[in-house]
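For clarity, every value in this text was computed on a predicted model and none was experimentally measured.
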Amino acid sequence: MAAGLRSWWARRSLRLRLTAAAAAVIAAGLTGATVLLVVWLHASLISGLDQTALERAQVVASATDGDHFPPHVPPTGHGEGAVQVVDGKGVVLASSSNLRGHPRAFDFPPSRSDTPHAHTVDDVPIGQGGTWRAVGVPAGTPRNPLTVYVAVPTESVDHGLAQLTAALATGVPAVVALLTGVVWLLTGRALRPVDALRAQTAEITASDLNRRVDVPPADDALGRLATTFNDLLARLDTATRRQRRFVADAAHELRNPLSTLHTRLEVAAHHPGSVDGHSLATGLLQESERLTRLVDDLLQLARLDARPRLRTRPVDLDEVVYTEVREARRRTPLIIDQHSVGAARVQGDADALARVVRNLLDNALRHAETRIDVTLRTEHGTAQLVVADDGPGIPEADRERVFGRFTRLDDTRARDTGGTGLGLAIVRDIVTAHHGTARIEDNRPGARLIVLLPAEHQPADEWPTGPDTTRISYRSPGPTRPGS
C-alpha cells in the first residue's frame, strides 16, 4: 500500500506536490508555534498567580504580632482568594471570610525563600471547587510558629487560555489555507517560465534543430536549465548534420561501384558477343571487392558510433604489427622495414588495434614510392607507433582534415586507387576510444602517421587523451580485404 501511495504521489503535478509540501510545512510550523505560545502563556500566567499568592501571604504574615493573631484576615486588595493561618499543631487560627468555619484546607510545608513554591490544589471548599494555586509562608515567632496559606483560583487563567485556544484552533487553519493559496499562486507563477520552456522545446523537431529556447536573464537554476537545453540542442544539431552528411557521402560512394557494375552487366546483356567473359569477370570482381571494402568500412564506423564498451585485455602491440606487416608484404613489391619495431604492451581490443595497423599500412601502400618504415617503441609510459612512407606527403593544412570521413586529397588520392576515404577516420576513432591520439608529420619525403597509446603500466590519470575519450567497443566483422 505504501508503494502504491508513493506511485500515486509521484504521478501528481509538480505544482501540486510543491504546494502540498509547503502547506504541510506551514501547518506544522504554525501548529508548533501555537502550542509553544499556549504553553508559554499558561506558564507565565500561572507564575503570575503564584507571585500574587506569595505577596498576599507575605502581607498577611507581616500583620501577625507574635503570639496573638486576629481571627479574621484583613483584606489585602489582591482580589478573591482563600487565606488560612495555621499554628504548629495544625489548628486554624484565622481565615478569610470565604473559609470561615472550615477546617484546615492546606497541609503542605511552607516556603522558606522568596521564590514561591506553589502547589496546585483541587479540594478548596469554596464555591464550585476548581483548581487553585496555593503557597505557604512561615509567620509568628520561634516559640509560636505559624504558617500562612494563601490560594488564588486559576479559573480566569483557564478561561482565558480556553478562549485563546479556541481562537487559534479556528485562526490557524484559516491562515494555513490562506498561505497555501498564496503558495499555489506563487508556485504557478514560478513554474510559468518552465512551462514556456517546455512549450518551446516541444515545438523543436528533427528538421529544425538549429532553433534555441529563450534563456531567462536571471542566473538561476532555470537559466542554467535553458542553457543546458541549448547546449543539448547544439550537440544534437551537430550530430544530426554529421549523420546526414555521412549518409549522403555513403550513398554517393556506394553509387559509383554499383553504377559501374550495372553498366558492365548491361553491356554484357545487350552485346554478349562483344564482351570478353574473362575481362568482364575480372572487372566485376574488382568492383565487388571495392564495394565490399566500402561496406566493411561503413560497418566499422557504425559500430564505432554506437559506443559499446571495449573488450579490453593486455595486447602485445608488436605482435599485431608483425602480423599485419606479413599480410601487407604479400600484396606489394614495396620494401616494408620493420627492424625498428620493439616490444610494447597496451590495454585494448586486439581486433580494433589490428584494424588501426592495417589501415595505416594500406594508406602507406597506396602512396609510397619505394619503401615503408614501421617503428614501435615505448617512451614514458606511452607506446608510439609510426608508419612512414616516401610518397608525395600530405600538406600541413590538410593533416587534420584527412582524418575526416570520405576525405580525399586531390593530388594524392583518387577513387581508382581503391581507397574509400574512411581508413584514417576509423584509425582516429579507434585510437581515441583507447585514450590515445593520432597525428601526421612530414617525413621528407612522404608522410609519417603517428599513433600514441597508453602503455599497460601507465596510470590512467596520465594517459594522453584525444578530443573524445569515450570508451567504446570495436568488433571486427570478420576477415576482409584491407582497405582504407
Side-chain angles (χ1 to χ4, degrees), residues 253 256-257 260 282-283 285-287 289-294 296-297 300 317-342 344 353-377 383-428 430-431 437-453 480-484:
E253 294 291 333
N256 290 324
T260 303
T282 302
L285 181 60
Q286 291 176 350
E287 292 300 325
E289 290 176 349
R290 177 181 170 189
L291 187 60
T292 300
R293 287 195 300 271
L294 178 58
D296 176 38
D297 287 343
Q300 305 310 320
L317 191 57
D318 51 314
E319 294 184 2
V320 174
V321 172
Y322 289 141
T323 300
E324 295 301 326
V325 168
R326 282 197 302 269
E327 292 296 325
R329 282 174 173 168
R330 297 176 183 175
R331 308 189 308 271
T332 181
L334 298 176
I335 299 173
I336 302 179
D337 187 352
Q338 63 179 19
H339 291 96
S340 297
V341 174
L353 295 175
R355 186 58 183 258
V356 168
V357 178
R358 187 182 314 141
N359 285 7
L360 293 176
L361 288 172
D362 287 346
N363 181 79
L365 286 173
R366 283 197 305 274
H367 309 300
E369 296 291 340
T370 59
R371 63 181 292 122
I372 298 171
D373 295 295
V374 182
T375 304
L376 178 63
R377 63 177 181 271
Q384 184 182 82
L385 172 64
V386 180
V387 178
D389 63 69
D390 59 353
I394 300 176
E396 185 175 357
D398 296 322
R399 290 175 184 171
E400 186 64 26
R401 189 167 66 89
V402 295
F403 287 106
R405 299 177 180 185
F406 298 106
T407 299
R408 293 184 179 88
L409 302 183
D410 294 338
D411 57 344
T412 60
R413 295 173 183 260
R415 287 182 174 84
D416 57 8
T417 63
T420 64
L422 297 175
L424 295 183
I426 293 175
V427 168
R428 168 65 65 84
I430 294 176
V431 170
T437 58
R439 67 175 188 269
I440 299 175
E441 295 180 354
D442 195 355
N443 195 40
R444 296 188 182 89
R448 288 164 46 89
L449 279 74
I450 303 173
V451 169
L452 301 178
L453 294 170
T480 59
R481 292 181 62 86
S484 165

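Considering only residues two or more places apart in sequence or on other chains, Gln384 meets the side chain to side chain donor-acceptor pair (under 3.5 Å) condition with Arg377. Residues forming a salt bridge (Lys or Arg N to Asp or Glu O under 4.0 Å) with Glu400 (at least two apart in sequence, or on another chain): Arg428. For Arg330, the side chain to side chain donor-acceptor pair (under 3.5 Å) partners at least two apart in sequence or on another chain are Glu327. Every residue meeting the side chain to side chain contact (heavy atoms under 4.5 Å, CB included) condition with Glu319, not counting sequence neighbours, appears here in chain and number order: Asp316. Applying the side chain to side chain contact (heavy atoms under 4.5 Å, CB included) criterion to Ala328, with sequence neighbours excluded, gives Arg331, Ile336, Leu361, Leu365. Every salt bridge (Lys or Arg N to Asp or Glu O under 4.0 Å) that Glu441 has, sequence neighbours left out, goes to Arg439, Arg448. Applying the side chain to side chain contact (heavy atoms under 4.5 Å, CB included) test to Arg326 and every residue at least two apart in sequence or in another chain returns Tyr322, Thr323. By the side chain to side chain donor-acceptor pair (under 3.5 Å) test, Asp373 pairs with Arg371, sequence neighbours left out. Arg329 is linked by a side chain to side chain donor-acceptor pair (under 3.5 Å) to nothing, counting only residues two or more places apart in sequence or in another chain.
Identified under the side chain to side chain donor-acceptor pair (under 3.5 Å) test for residues 386-395, with sequence neighbours left out: Thr370-Asp390.
At least one side-chain heavy atom of Leu449 sits under 4.5 Å from a side-chain heavy atom of Leu424. Inter-residue side-chain proximity for Leu453 and Leu353 is flagged as met; some heavy-atom pair is nearer than 4.5 Å.
Closest non-hydrogen pair, Thr332 versus Leu334, comes out as OG1-N, 3.1 Å. Of all heavy-atom pairs between Ala364 and Val387, the closest is CB-CG1, 3.9 Å. Nearest heavy atom pair, residue Val431 against residue Ala438, reads CG1-N, 4.2 Å. Between Asp442 and Gly446, the shortest heavy-atom distance links the atoms OD1-O, 3.2 Å. Closest non-hydrogen pair, Asp318 versus Ala344, comes out as OD1-O, 3.4 Å.
Expressed to the nearest 0.5 Å, how far CG of Asn359 lies from CD of Glu324 amounts to 9.0 Å.
Leu376 pairs in a side-chain contact (heavy atoms from CB on, under 4.5 Å) with only one of the listed residues (Val386, Val451, Val357, Leu385), which is Leu385.
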